[in-house]
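Accompanying notes for the structure given below.
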Amino acid sequence: MLAGRRFRVEFTDEQAEYGEQIGAVCRAVWNTGLEQRREYRRRGGWMNYRPQAHELAEAKGEHPWLKDVPGHCLQQTLMDLDKACRAHGTFGVRWRSGRRWAPSFRFPEGAKMAVDKLNRRHGRVKLPKLGWVKFRQTRSLAGEIIRSATLTRAGRQWYVSLLVDDGIAAPLAHAAPGAAVGVDRGVVVAVATSAGELVDRPFVTEGEQRRAVALQRGLSKAVKGSANRTKARAALAAVRGRERHRRQDFCAKAAHQLATDNALVVLEKLPVKNMTRRARPAPDPDNPGGFLPNGAAAKSGLNKAILSKGWYRFERAVQSVARYTGTDVVKVRAACTSQRCSVCGHVDPKSRESQAVFRCTHCSHTEHADVNAAKNVLAAGLAVTACREAAAPAGAAGTPTQEPAGNREGLLLHPQTAAPAA
Ligand SMILES: [Zn+2]
């Protein structure tokens, strides 16, 4: 199976500088390519990858700076642009601004890359024009075939993501058939299971929170373009980076545990996008043309809570591990899961006594509100799988109902287009 391996890179100063240069050229190619596509669209035409790649090759004669960077990275940039335009529409694709966009570029032809282990902690990979790139090798790559390498800078730190084929085949059946769990993703507790487990961890310490607020304040006071501002921004990025890493760690561990223990994991289908969209102020019925004091503030609190628990990341993590354990991941609609009694099925908003306590108004069943919701999620998931089995003809088990796992590098899906153009 294809999997991503991400390592922290230890560039030399020249390499770091060259990395920035490659990123800048890729960005220029992206923006130029996007402008050209938009111009074509405005005139009612279409621009595609092949003619753009051809023009890029010709442009190298006129603009020698295009030749200073690995040509494959530029081709990959045009391919990514092509894919983005197909997925989001030519006018839905964003410009890559020098400020917001973190440099990221991909080297295809991983099979030709040499990888060495330097010592217990470090390895190195040879990349075109960059030469040997040293990285912190936190896991073995033995027996894995490299497909491609992507270099990305996050804050001040560079990372290399190796897309590898680990040679592991998908299991035919889960090790614990019949074991099933429902998961409720809450705001107070990150993950509650139908088995009654509440899994959570803090992602920022109080000290870090204070520091982040102070840095944010310093940042807003600093003069634009000043050295202080750059410094404050880097420091803030470092704090946020630590939080992000802890979140990743939490998701990976919780997902691994759930998928290893269960042949069926039921998740809520959450309209995260809609819920996190900024709330529009409601018109005031007593004052035409006026608006009620809007719910935006309350909503933004919820937005932050939802996002900070990393729901989407968690879902992807479960699906990613599920490929290896043979777990079936089912998503069900989240309607009424928090108001329904998991024992008698009675639905009443009043049953939810508080954020944490559920007490049924009909049978007075009492439970942690999130666990009760998780049980409802599981029941809905079991109903879905039962329907599926009833619909499928006997003996035709193993229907590919599982959604494909998250495409980490954004390049897994079209191996045929990943081949470099001649
Ligand atoms: Zn009840």
Side-chain angles (χ1 to χ4, degrees), residues 174 176-201 250-251 254-255 257-276 279 295 298-299 301-312 314-315 318-319 322 327-391 401-403:
H174 193 273
V181 72
V183 182
D184 177 68
R185 295 172 284 184
V187 172
V188 175
V189 175
V191 168
T193 72
S194 55
E197 270 179 290
L198 301 169
V199 196
D200 203 359
R201 68 160 286 181
F250 169 83
C251 284
Q257 194 65 48
L258 283 171
T260 310
D261 294 347
N262 296 284
L264 172 69
V265 174
V266 189
L267 303 173
E268 285 170 281
K269 205 183 273 175
L270 285 169
V272 172
K273 258 194 191 141
N274 291 335
M275 288 173 81
T276 53
K299 191 105 173 181
L302 183 62
N303 286 354
K304 277 182 199 152
I306 291 167
L307 294 174
S308 75
K309 299 292 176 182
W311 280 351
Y312 177 60
F314 177 72
E315 192 179 298
V318 173
Q319 281 168 339
T327 302
D328 192 3
V329 180
V330 170
K331 290 200 283 176
V332 296
R333 294 222 171 275
C336 298
T337 50
S338 61
Q339 298 170 7
R340 185 190 305 273
C341 170
S342 61
V343 174
C344 72
H346 183 68
V347 180
D348 185 354
K350 288 194 202 102
S351 294
R352 180 111 192 206
E353 265 198 6
S354 66
Q355 188 66 47
V357 179
F358 181 92
R359 192 190 310 274
C360 180
T361 51
H362 183 71
C363 74
S364 74
H365 165 69
T366 308
E367 200 167 26
H368 188 286
D370 290 341
V371 173
N372 178 69
K375 287 183 177 171
N376 289 326
V377 170
L378 175 60
L382 288 173
V384 168
T385 52
C387 280
R388 214 162 58 191
E389 270 155 35
T401 46
Q402 196 177 305
E403 293 202 7

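Counting starts at 1 for both ligands and their atoms, following the listed order.
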> side-chain hydrogen bond (donor to acceptor under 3.5 Å, both in side chains) with Asn376: which residues, sequence neighbours excluded?
Replying inline: none
> Nearest 0.5 Å, what's the CG-CG distance between Leu264 and Leu378?
Replying inline: 7.0 Å
>> With heavy-atom distances below 4.5 Å as the criterion, would you say the side chains of Val371 and Leu198 are in contact?
In response: yes
> If waters are left out, how many protein N/O/S atoms lie within less than 2.8 Å of the Zn ion (ligand 1)?
Replying inline: 4
>> Holding to side-chain hydrogen bond (donor to acceptor under 3.5 Å, both in side chains), I want the full list of residues that pass it with Glu197, two or more places apart in sequence or in another chain.
In response: none
> For His362, which residues count as a side-chain hydrogen bond (donor to acceptor under 3.5 Å, both in side chains) partner, sequence neighbours excluded?
Replying inline: none
>> Using side-chain heavy atoms (C-beta onward) and a distance below 4.5 Å, is Cys341 in contact with Phe358?
In response: yes
